[in-house]
There are 4 protein chains.
Amino acid sequence: MRGETIEQIFHSAVEVFAHSGFERAKIDDVARHAGVAKGTIYYHFKGKEELFVALMRDGMEKMTEQIHRQMGREPDPLRRLRALLQAQVEYLYEHGTFAKLLLSESWGSVERQQEFRAKIRELVELIEEVLIQGAEEGSFRPQMSHHDTAVAMFGAISVSVLQDLFSPERTGTREERVAGLVANLEKLFVDGVVVSKGKT
Amino acid sequence: MRGETIEQIFHSAVEVFAHSGFERAKIDDVARHAGVAKGTIYYHFKGKEELFVALMRDGMEKMTEQIHRQMGREPDPLRRLRALLQAQVEYLYEHGTFAKLLLSESWGSVERQQEFRAKIRELVELIEEVLIQGAEEGSFRPQMSHHDTAVAMFGAISVSVLQDLFSPERTGTREERVAGLVANLEKLFVDGVVVSKGKT
Amino acid sequence: MRGETIEQIFHSAVEVFAHSGFERAKIDDVARHAGVAKGTIYYHFKGKEELFVALMRDGMEKMTEQIHRQMGREPDPLRRLRALLQAQVEYLYEHGTFAKLLLSESWGSVERQQEFRAKIRELVELIEEVLIQGAEEGSFRPQMSHHDTAVAMFGAISVSVLQDLFSPERTGTREERVAGLVANLEKLFVDGVVVSKGKT
Amino acid sequence: MRGETIEQIFHSAVEVFAHSGFERAKIDDVARHAGVAKGTIYYHFKGKEELFVALMRDGMEKMTEQIHRQMGREPDPLRRLRALLQAQVEYLYEHGTFAKLLLSESWGSVERQQEFRAKIRELVELIEEVLIQGAEEGSFRPQMSHHDTAVAMFGAISVSVLQDLFSPERTGTREERVAGLVANLEKLFVDGVVVSKGKT
DNA sequence: AATGAATGAGGCTTCATTCAT
DNA sequence: GATGAATGAAGCCTCATTCAT
């Protein structure tokens with residue numbers, strides 16, 4: 001079938017890269033994991049770098065796509081924010097491998113890393129839009145910088161997911177864990193930590 | 001001064017490791033940067049790994065120390081939170097190199113990475129304590145999980161700093177940038193994004 | 001025409017091999033240049049080596065053929081020498097690609113290289129015969145070793161052509177260049193460089 | 001001692017490169033032949049290419065040097081020509097390995113090859129100067145192009161040497177072989193092949 | 001304390017060749 | 001006849017580490 005091998009390599013590459021990081025990952029391992037010869041990888045991809053970049057591009061695309069799908073056409077900003085939160089946590093949790101790469105391979109001056117930061121910026125902008133919309137409608141507090149706030153939220157989300165994924169003592173099913181993280185983040189973002197005098 | 005050479009190596013190592021990440025960094029580069037022979041590094045450190053770990057340990061120590069210093073004995077939880085925020089952002093911003101390493105070299109199963117996560121946990125616990133204290137005093141809203149909230153806050157802080165450091169188009173002095181980030185994070189954490197009916 | 005594909009491959013192979021030399025040349029490039037799939041080349045030729053040898057054989061054959069044609073039945077040794085010179089320079093200049101391969105791929109102990117030297121010997125023998133004929137008729141000075149002299153002449157011819165082909169600053173049409181080279185070589189071979197007392 | 005290892009590598013590299021040509025030669029073989037580890041070669045040379053170029057540069061330098069030495073201050077053009085011939089043949093014969101590389105690795109567009117051709121040009125110019133000097137003094141026949149003639153002579157010399165070196169059936173001591181080649185070339189260059197009417 | 005030459009395991013990549021379609 | 005995906009042996013190069021001085 002068309003692209004079956006490529007699919008296989010792709011899949012294995014995610015595993016291997018996520019397990020070891022870009023530098024530590026060995027093409028040999030990707031090949032073994034994919035059940036193909038080393039040369040086959042080079043037949044389909046120009047090299048380690050290209051394979052990795054293709055991978056991350058794909059991951060980002062799918063993530064953005066899924067988030068859009070889950071947010072749907074919900075008009076209410078608060079509900080939109082919740083949906084986005086849910087979607088993002090869910091995806092990152094599901095693809096922890098990808099989450100890890102995103103956070104660890106995005107800081108630096110190598111070209112690839114700049115591209116990754118650009119991708120992150122896309123995610124951030126998704127959040128930003130919601131914040132702006134909410135502020136315009138008056139249901140969200142106006143921010144000094146919607147962009148900076150969005151960045152902070154993205155950081156909170158991704159690090160929360162990663163910290164959870166790498167916690168040895170975590171319990172419960174994935175669904176429960178995700179629900180917990182989402183609820184927690186939602187609480188923080190929506191209400192802040194301080195007791196507001198006007199609320200019960 | 002005692003250990004001038006060691007100091008030199010240490011300093012250069014921070015630069016080089018931060019610029020390239022652990023794997024990409026070359027002992028050769030550290031040596032050249034420090035103006036010593038390669039052998040000298042191995043005379044003072046057991047190896048690349050040890051040098052790096054010593055580095056990170058040192059960075060974390062100094063960070064914790066500085067944060068403690070800046071938080072002082074402030075009893076009011078909200079002010080404590082603000083001081084902590086200010087201290088953490090300031091330190092990470094100042095030592096962006098360290099911030100980068102912390103975020104990119106902490107996710108994985110290599111022993112060193114586990115140690116880093118433990119260090120992160122220390123930072124998180126600093127935040128956590130403030131949250132708990134605030135909740136006990138009644139000025140902070142009780143959280144589902146103070147720990148998770150603290151993690152989220154740490155993520156927000158560190159990613160905000162990194163994103164800012166790696167933004168090519170950022171303007172203003174460092175002090176201004178830091179102040180902006182702090183204010184923004186404070187706003188988010190303290191009040192959340194939603195307009196609460198009881199506030200003006 | 002019969003063997004159109006083969007013809008295509010052959011033609012492309014000359015180009016590619018000449019451009020890169022035997023080792024550097026890639027079957028992939030030959031295939032791309034010929035507009036066929038890589039497998040097709042292996043369908044028609046046993047391998048890289050065979051393709052190359054076939055090529056060189058063909059080149060030598062055509063060269064010998066053309067030289068014979070141009071020398072015709074000229075009985076006078078001096079005129080024969082001139083015709084041979086003209087023919088050889090012309091052919092090598094025209095097929096510089098071939099000339100290059102001949103000079104660069106003929107020295108070594110690989111079987112193929114021995115075969116090439118044998119081919120060169122054929123060319124040398126063409127020259128040798130003329131020298132011997134001339135010596136027998138008395139119009140040529142007797143040589144210590146007609147064979148060695150013939151080799152030297154071949155070297156002079158081929159290197160002259162190559163040096164000219166690879167001179168970036170050469171000017172004039174091909175015909176002019178060839179005529180120049182021929183005239184020069186003729187002068188050298190026929191008269192030597194020393195002024196003989198008996199000549200004007 | 002200073003540079004002993006480098007000397008060793010150099011020497012081995014000549015052997016290996018000459019035996020196999022640039023592409024076929026393996027750094028591994030050079031290392032084994034030199035009795036050092038592979039890494040040692042890379043400690044002293046940037047890579048295969050640099051090693052090779054350094055080699056050829058060195059070879060050309062020594063050759064030019066030796067030729068200059070042997071030609072000395074001889075004022076008479078004819079004797080100068082003979083000395084040069086003798087020196088060049090002697091050197092190439094002695095360093096057949098180098099001769100082979102010179103002739104086989106000099107034709108192409110790779111930068112290194114351009115450098116080699118430049119080196120060849122130096123040799124050619126040595127010859128050219130003698131020709132010009134002789135022509136000015138009136139003892140040499142004026143040439144259409146002294147440069148082209150010099151090139152032809154260089155070609156005759158180098159190919160003669162190589163052909164001889166690779167002749168399986170050659171007999172006699174090296175000195176005899178060299179003497180034969182020199183005499184033959186001298187005869188060809190000095191007098192040409194044609195019987196001049198004015199000589200006995 | 002410091003040096004830097006030497007090492008060699010390890011990883012990336014190339015490319016001639018095969019073979020099922 | 002022709003294809004092109006797949007292979008894997010082979011080779012170049014890197015770099016952490018060692019050690020004699």
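Convention: sequence-line order gives letters A, B, ...; per-chain numbering from 1.
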Q: Does the A:Thr40 side chain pair with the main chain of A:Val36, one donor and one acceptor, at a distance under 3.5 Å?
A: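 No; judged by distance alone, with no hydrogens or angles, the pair does not exist.
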
Q: Using whole Å, report how far CD1 of D:Ile6 lies from C1' of E:dA6.
A: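 Rounded to whole Å, this separation is 12 Å.
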
Q: Whole Å only: how far is the CD atom of A:Glu4 from the P atom of E:dA20?
A: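 Rounded to the whole Å, the gap is 17 Å.
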
Q: CG of C:Asp29 versus P of E:dT14: gap in Å, rounded?
A: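 Rounded to whole Å, this separation is 13 Å.
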
Q: Specify the separation, in whole Å, of atom CD of C:Glu7 and atom P of F:dA2.
A: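 Roughly 13 Å, once rounded to whole Å.
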
Q: In whole Å, what is the span from the CZ atom of C:Phe45 to the C1' atom of F:dA2?
A: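 Rounded to the whole Å, the gap is 14 Å.
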
Q: Which residues pass the side chain to side chain contact (heavy atoms under 4.5 Å, CB included) test with D:Glu122, not counting sequence neighbours?
A: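 Residues passing side chain to side chain contact (heavy atoms under 4.5 Å, CB included) with D:Glu122: D:Thr64, D:Lys119.
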
Q: So what does the secondary structure string of DNA chain F come out as, 5' to 3', with Watson-Crick or wobble pairs under 3.5 angstrom, [ ] for crossing and | for pairs with another strand?
A: .||||||||||||||||||||

Q: Can you list everything that forms a side chain to side chain donor-acceptor pair (under 3.5 Å) with B:Glu94? Sequence neighbours excluded, please.
A: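 Applying side chain to side chain donor-acceptor pair (under 3.5 Å) to B:Glu94 gives B:Arg174.
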
Q: Kindly list each side-chain donor-acceptor pair under 3.5 angstrom involving residues 25-32 of chain B, sequence neighbours excluded, with atom names and distances?
A:
from	atom 1	to	atom 2	distance (Å)
B:Asp28	OD2	B:Lys38	NZ	3.3
B:Asp29	OD1	B:Arg32	NH1	3.1

Q: Tell me: CD1 of D:Ile9 to C1' of E:dT7, nearest whole Å?
A: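 Distance check: D:Ile9 CD1 to E:dT7 C1' gives 12 Å.
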
Q: With C:Thr97, which residues qualify under side chain to side chain contact (heavy atoms under 4.5 Å, CB included), at least two apart?
A: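 Only C:Val14, C:Ala18 meet the side chain to side chain contact (heavy atoms under 4.5 Å, CB included) criterion with C:Thr97.
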
Q: Select one nucleotide: of F:dT3, E:dA2, F:dT7, the one nearest the side-chain heavy atoms of B:Thr5.
A: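 Nearest listed nucleotide: E:dA2.
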
Q: May I have the distance from C:Gln8 (atom CD) to F:dG1 (atom P), rounded to whole angstrom?
A: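 Value for this atom pair: 16 Å.
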
Q: What residues, two or more places apart in sequence or in another chain, satisfy side chain to side chain contact (heavy atoms under 4.5 Å, CB included) together with A:Glu50?
A: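 Listed in chain order: A:Phe45, A:Lys46.
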
Q: Of all residues at least two apart in sequence or in a different chain, which pass the ring pair (Phe, Tyr, Trp, His ring centres under 6.0 Å) check with D:Phe52?
A: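 Checked D:Phe52 against ring pair (Phe, Tyr, Trp, His ring centres under 6.0 Å); matches are D:Phe17, D:Phe22, D:Phe116.
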
Q: Not counting sequence neighbours, which residues clear salt bridge (Lys or Arg N to Asp or Glu O under 4.0 Å) with D:Glu115? List them please.
A: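 Residues passing salt bridge (Lys or Arg N to Asp or Glu O under 4.0 Å) with D:Glu115: D:Arg57.
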
Q: Could you list, one pair per line, each protein nitrogen or oxygen that sits under 3.5 Å from a nitrogen or oxygen of nucleotides 13-16 of chain F, together with the distance?
A:
from	atom 1	to	atom 2	distance (Å)
F:dC13	OP2	D:Tyr42	OH	2.5
F:dC13	OP2	D:Lys48	N	3.1
F:dC13	N4	D:Lys38	NZ	2.8
F:dC15	OP2	B:Lys26	NZ	3.3
F:dA16	OP1	B:Ala25	O	3.2
F:dA16	OP1	B:Lys48	NZ	3.1
F:dA16	OP2	B:Ile27	N	2.9

Q: Does B:Glu105 pair with B:Lys100 as a salt bridge, N-O distance under 4.0 Å?
A: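 No, B:Glu105 and B:Lys100 are not salt-bridged.
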
Q: Taking the nucleotide of DNA chain F with the nearest heavy atom to each, does A:Ile41 or C:Gly35 sit closer to the 5' end?
A: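 The residue whose closest nucleotide sits nearer the 5' end is C:Gly35.
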
